[in-house]
*Asks:* 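Okay, handing you the structure first.
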Amino acid sequence: MKTKLVLNFNPESSNLPITHHLIAEHGLLVNILRAEIDEVGGKMVIEVSGKADSIRKGIDYLKDASVGVRPIKEGVRRDDEACTHCGACISICPTNALSLDPKTRKVLFTEEKCVACGVCIDACPPRAMEILI
Amino acid sequence: MTKPNRVSSGKGKTYGEIKARASEGNAMVMTAMEFKKFVKANGVKKAAKEVDIVTTGTFGAMCSSGAYFNLGHSDPPIKIQRAWMDGVPAYAGIAAVDLYLGATELDESNNMMHGGAHVIEDLVRGRAVRLKATARSTDCYPLKEIDTYVSLKTMNQAVMMNVRNCYQNYGAASNSSGKTLYTYMGKLLPELGNATYSSAGELSPLLNDPYYRTIGIGTRIFLGGGEGFVAWEGTQFNPGVARTPRGVPKRPAGSLAVIGDLNQMSSDFVKGLTFTRYGTSLGVGMGVPIPILDEDMASACAVTDDKIFTAIFDYSQQRRSRPVLKEVSYAELNSGEVSIKGKRVPTSPLSSQYKAMEITKILKKRILDGSFAVTEPVQRLPLDKSLKTLDVRSEKEAMK
């Protein structure tokens with residue numbers, strides 16, 4: 001199974017080799033989607049794949065290490081009323097989560113493909129895209 | 001410039017015949033999409049004979065847009081000198097209580113995110129807008145300032161008046177530099193990371209009437225969801241650019257100045273837009289019915305995206321004339337990817353082809369149910385205009 005997690009670090013937990021631990025100790029595949037760090041800690045968005053039991057154990061490990069863990073179902077949301085289907089977003093989306101339906105010429109948003117990189121947010125002229133993490 | 005390529009015209013139809021059929025509900029009306037398919041299957045001759053009207057449409061960011069308002073007089077009266085609508089400055093130098101609000105005028109307190117375009121959309125949505133105004137007191141207009149709310153319900157007139165809309169073709173954009181550029185053509189990724197383009201191509205009104213035979217001053221149009229009119233040639237009207245053998249311009253050419261009542265409009269087709277680090281613009285939906293007078297018009301309206309070309313310009317050059325990276329057809333641009341210098345470059349249309357198609361369908365429906373009457377232009381648009389530039393010059397040079 002696959003799940004996306006938002007991890008919040010305080011300055012102490014920022015120094016822990018947590019991705020190594022998730023990979024080596026729990027056999028998880030870790031894909032880092034976003035990472036930022038500043039003077040008060042940091043935030044990371046990761047996608048982990050592996051057995052459900054391993055993911056649960058990995059999350060327990062993170063919590064024990066004082067890392068804030070929040071699973072996310074969606075990272076970016078589209079306001080369908082605001083979207084004009086102009087397509088400004090489709091050529092900058094690195095995962096093709098945003099694409100143009102060749103027939104209706106509507107912009108399709110495939111949330112499963114979205115890695116919440118946020119590139120589309122400021123590229124959307126009617127400001128229909130919102131990042132939730 | 002090249003002359004229109006005349007195909008043998010046959011007898012054709014008159015505006016009177018087309019209008020009469022439309023008013024009786026007997027006109028054969030097709031959307032641009034339907035018409036192109038019809039011509040492909042049946043040929044131009046049959047199309048010219050059987051089809052009366054083709055509806056075209058476009059929806060895109062049209063920066064040279066705005067609206068004027070008459071606010072009604074206050075008591076005591078005021079001759080407004082400076083005015084702000086929801087924090088966005090409006091031009092007040094037209095007598096006492098008339099204002100013009102431009103789409104790209106920016107909110108003075110907001111980081112280029114909110115502007116006149118958003119205020120216009122809010123008004124169209126029926127919202128109230130905060131009006132602040134100041135003035136020099138005069139004997140006839142003593143009031144010095146006012147702080148109040150206005151909406152379409154409180155105003156005498158609220159009229160969209162756009163000096164340059166509906167461009168006949170437009171250049172595409174890409175970026176060969178090493179950094180992301182934020183432009184009115186959207187976010188351009190470094191190293192030719194993407195390309196954007198903004199014409200609705202084969203659906204776009206002026207690309208279906210390349211020599212402005214039926215679209216002229218006085219033409220009734222669909223504007224922002226309501227009814228509007230072509231008021232004049234659009235600014236920067238430049239019909240003399242290179243054209244294909246069939247007369248379709250290969251560069252930005254004609255444009256339209258349009259006018260229409262804001263009260264009739266809908267936020268589906270009037271949308272405040274923000275282009276990061278460029279500012280605001282207004283998304284405007286426009287539709288124009290094209291009467292199929294003869295085979296020439298049928299042939300013009302049969303044009304498809306593989307026969308319409310534009311250039312991809314390199315926006316990394318911050319100059320008036322940017323280098324051309326490549327000539328492409330709209331069919332290539334619409335495929336989602338073009339090749340530039342051996343690199344596969346993903347493309348984004350900035351104009352909503354979905355909304356353009358919606359507009360052609362709505363316009364067709366309105367013509368068929370008799371709520372929209374097709375018109376003959378009062379005057380043709382000029383074919384002999386060329387584009388001038390703004391250069392630093394002396395007083396004498398400016399008068400030459």
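Here the structure is a predicted model, which means the values were calculated and not measured. So that the names make sense, note that chain A is the first sequence line, chain B the second, and so on, each numbered from 1.
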*Asks:* Within a 6.0 Å radius of atom NZ on Lys326(B), are there more than 12 heavy atoms belonging to other residues, nucleotides or ligands?
*Replies:* yes
*Asks:* For the atom pair NZ (Lys187(B)) and CD1 (Ile121(A)), what is the distance rounded to the nearest 0.5 Å?
*Replies:* 9.0 Å
*Asks:* How far does NZ of Lys271(B) sit from SG of Cys83(A), to the nearest 0.5 angstrom?
*Replies:* 8.5 Å
*Asks:* Can you tell which part of Ala356(B) gets under 4.5 Å to a heavy atom of chain A, answering side chain, backbone, both or neither?
*Replies:* neither
*Asks:* Around Lys343(B), counting heavy atoms of other residues, nucleotides and ligands shown, do more than 12 lie under 6.0 Å from its NZ?
*Replies:* yes
*Asks:* Heavy-atom pairs under 4.5 Å with chain B - which of Pro125(A), Cys89(A), Gly87(A) has more of them than the others?
*Replies:* Pro125(A)
*Asks:* Hey, are Glu121(B) and Arg127(A) close enough for a salt bridge, meaning a charged N less than 4.0 Å from a carboxylate O?
*Replies:* no
*Asks:* Which distance, rounded to the nearest 0.5 Å, do you find between the OG of Ser91(A) and the CG of Leu350(B)?
*Replies:* 8.0 Å
*Asks:* Could you state the interatomic distance from CD1 (Ile92(A)) to CG (Leu188(B)), rounded to the nearest 0.5 Å?
*Replies:* 10.0 Å
*Asks:* To the nearest 0.5 Å, what is the distance between NZ on Lys106(A) and CD on Gln353(B)?
*Replies:* 14.5 Å
*Asks:* Measuring heavy-atom distances to chain A, does Tyr278(B) have an atom under 4.5 Å in its side chain, in its backbone, in both, or in neither?
*Replies:* neither
*Asks:* Go through the atoms of Met113(B) and report whether side chain, backbone, both or neither lie under 4.5 Å from a heavy atom of chain A.
*Replies:* side chain
*Asks:* Carefully, step by step, assess Arg277(B) and Asp122(A) under the rule side-chain contact (heavy atoms from CB on, under 4.5 Å).
*Replies:* CA-CA 9 Å; Arg277(B) 291 197 229 163; Asp122(A) 70 352; 5.8 Å; no
*Asks:* Mind checking whether Leu100(A) and Pro349(B) have side chains closer than 4.5 Å, heavy atoms only?
*Replies:* yes
*Asks:* Return the minimal non-hydrogen interatomic distance between Ser348(B) and Ala88(A), and the atom names on each side.
*Replies:* OG-O, 3.2 Å
*Asks:* Looking at Pro126(A), Cys124(A), Cys86(A), which one has more heavy-atom pairs under 4.5 Å with chain B than the rest?
*Replies:* Cys86(A)
*Asks:* What part of Thr347(B) lies closer than 4.5 angstrom to a heavy atom of chain A: side chain, backbone, both or neither?
*Replies:* backbone
*Asks:* Heavy-atom cut-off 4.5 Å, strictly under: side chain, backbone, both or neither for Val119(A) against chain B?
*Replies:* both
*Asks:* Measuring from His85(A):NE2 to Glu358(B):CD, what's the distance to the nearest 0.5 Å?
*Replies:* 9.5 Å
*Asks:* Which atoms form the tightest heavy-atom contact between Tyr354(B) and Arg105(A), and what is the distance?
*Replies:* CB-O, 3.4 Å
